[in-house]
Amino acid sequence: MYDFVVVGAGPAGSRFARRVAQQGYDVVVFEQGEVGKPLACSGHVSTDIWSFVPDDAEDRLFQNEIRGARFHTGGPGSEGYRFHKQEEVSNVIDRVELDRTLADAARNAGADIRENHTVVGLTEYRDSVAVRVRGPDGIETHHGRMVAGCDGPKSRVRQTVGLPDPDELLHGVLGFHDDPDHQDFVDVHLTVPRFFAWRIPRGEAGVEYGLAMEPTDDVTARFEAFTEGYGVETDRRCSGLIPIGPPERTHTGRVFLLGDAAGQNKPFTGGGILYGMTAADVAADLVIPTDPATLEDYEQAWRDELEQDITLGHLVRKGYSAPEQIQKAGMALFEGEIGVHMDRPTSLFSKEQLRAMLTD
Ligand SMILES: Cc1cc2nc3c(=O)[nH]c(=O)nc-3n(C[C@H](O)[C@H](O)[C@H](O)COP(=O)(O)OP(=O)(O)OC[C@H]3O[C@@H](n4cnc5c(N)ncnc54)[C@H](O)[C@@H]3O)c2cc1C
């Protein structure tokens, strides 16, 4: 009997596994594929990322430093409103390597990470959960006192135990061009229904072009038109889903969700690496595998930590659908130096932001 069975070795699962293994709990992580693959993420994160990885990882992961963003209401070639900080706002990192680093840190803490093991079913009992796993040798059944569903936006754990889905799943597409680009600005184009398209300079790793939108629309055709506008042809295309939520409830009696499975990401960018790991730390601090009541504490505490920012993030996203003249007026008002933390839209109302606006 494991204390925790973790489903999925993405950032949320590996972070949680590392933290509870450090506390001496017996932890197994089942990952359906190879850790970090396939890539479906820009790896554009606030500098808070460095507090979640071992010190020696920075050289391996770091690709580029970002100080600001140009927001365009038009496509490539249109003029952008510039938002920036004097110091770095964010970093672009190697996302595949991030997942490997986090999984290694969990292994070093004592977690047992098993790749090529897909969780195919769960049954909750009063004192434990039976987890059915398809591995290279067929179906196995393992037992845990609790199960952490860290299995991404479509979460089979969430579906199996009947927890609600997030409100929306957006479809994100990425492609890369190899020319090195060390600029410290990203470009954001508000030309896609209810979301945006982007260009991210990745240093020696080239340039990334991407967009995300509702899956019903023609994502691929829009992506082609966007990259054509920039006059580039991309390769290594990939795509993934972005949950917009969070759902009303993220735990049952002995099963709880973390990361994208729980809709713990920013509705205005889709970014979920830092929110998922923040929630993983909350869970590791509070959840006791022999005490199901602690799952309610987790539910309350992660919402206290993130929900205000998520709510404000929904409002920011509404601005993407505002008429162009209103978008322009709003951006003209805030353009220039900003004091906002990229993961925390509530910092729009901080002293730093006020100071930045008044001194610009
Ligand atoms: C196009 C795009 C761009 C993005 N860009 C950014 C960005 O720049 N910055 C940012 O912060 N976020 C970004 N995100 C979001 C980010 O990728 C997610 O928020 C993050 O990966 C969530 O981490 P997670 O651990 O919750 O889930 P995941 O990273 O999705 O990990 C889930 C893991 O579970 C495994 N799994 C799934 N089902 C099973 C199963 N049944 N059994 C066993 N294993 C299973 C999967 O293989 C996977 O390894 C982007 C997303 C997309 C789609």
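Residues: numbered from 1 along the sequence shown. When a ligand or atom number is given, it counts from 1 through the structure's own listing order.
Among protein heavy atoms, atom 13 (C) of ligand 1 sits closest to Cys41 SG, 3.4 Å. The nearest protein atom to atom 9 (N) of ligand 1, hydrogens excluded, is given as His44 O, 3.0 Å; this is a heavy-atom distance. At the top of the distance list for atom 48 (C) of ligand 1, counting protein heavy atoms only, stands Glu31 OE1, 3.5 Å. Atom 52 (C) of ligand 1 has as its closest protein heavy atom Ala40 O, 3.1 Å. Of the protein's heavy atoms, Gly152 CA, 3.6 Å lies nearest to atom 30 (O) of ligand 1. When only non-hydrogen protein atoms are considered, atom 26 (O) of ligand 1 lies nearest to Asp260 N, 2.8 Å.
Around atom CZ of Arg134, no more than 12 heavy atoms belonging to other residues, nucleotides or ligands sit under 6.0 Å away. Shown here is Glu87, whose CD atom has more than 12 heavy atoms of other residues, nucleotides or ligands within 6.0 Å.
Contacts with ligand 1 closer than 4.0 Å are made by backbone heavy atoms (N, CA, C, O) of Leu241 only, the side chain lying farther away. Contact annotation for Arg95 and ligand 1: only side-chain heavy atoms (C-beta onward) come within less than 4.0 Å of the ligand. Residue-level proximity to ligand 1 for Cys150 is carried by the backbone, the only part with a heavy atom below 4.0 angstrom.
Taking only nitrogen or oxygen atoms, main chain and side chain alike, Gly13 does not reach within less than 3.5 Å of ligand 1. Not a single N or O atom of Ala9, backbone or side chain, sits closer than 3.5 Å to an N or O atom of ligand 1. When only interatomic distances are considered, the shortest N/O to N/O separation between Gln32 and ligand 1 falls below 3.5 Å. At least one N or O atom of Val119 sits closer than 3.5 Å to an N or O atom of ligand 1. Backbone and side-chain nitrogen or oxygen atoms of Gly33 are examined, and none is located within less than 3.5 angstrom of a nitrogen or oxygen of ligand 1. Looking at ligand 1, you won't find any N or O of Thr118 less than 3.5 Å from one of its N or O atoms. By the 3.5 Å distance cut-off applied to N or O atoms, Ala12 is counted among the residues near ligand 1.
Using a cutoff of 4.0 Å between basic side-chain nitrogens and carboxylate oxygens, Glu224 and Arg237 are scored as salt-bridged. Using a cut-off of 4.0 Å between Lys/Arg side-chain N and Asp/Glu carboxylate O, Lys266 and Asp343 are scored as salt-bridged. Asp99 has no carboxylate O lying under 4.0 Å from a charged side-chain N of Lys37, or vice versa, which leaves the two without a salt bridge. Comment: Arg158 does not engage Asp151 in a salt bridge, judged by the lack of any side-chain N to carboxylate O separation of less than 4.0 angstrom.
Ring orientation note: the planes of Tyr209 and Phe226 are nearly perpendicular, at an angle over 60° on the 30°/60° scale. Taking the six-membered ring where the residue is Trp, Tyr298 and Trp302 present tilted rings, their angle falling between 30° and 60°.
When all heavy atoms are compared, the tightest approach of Pro76 to His189 is N-CE1, 3.6 Å.
Evaluation of the ring pair (Phe, Tyr, Trp, His ring centres under 6.0 Å) test over residues 118-171, restricted to residues two or more places apart or in two chains, returns Phe30-His142.
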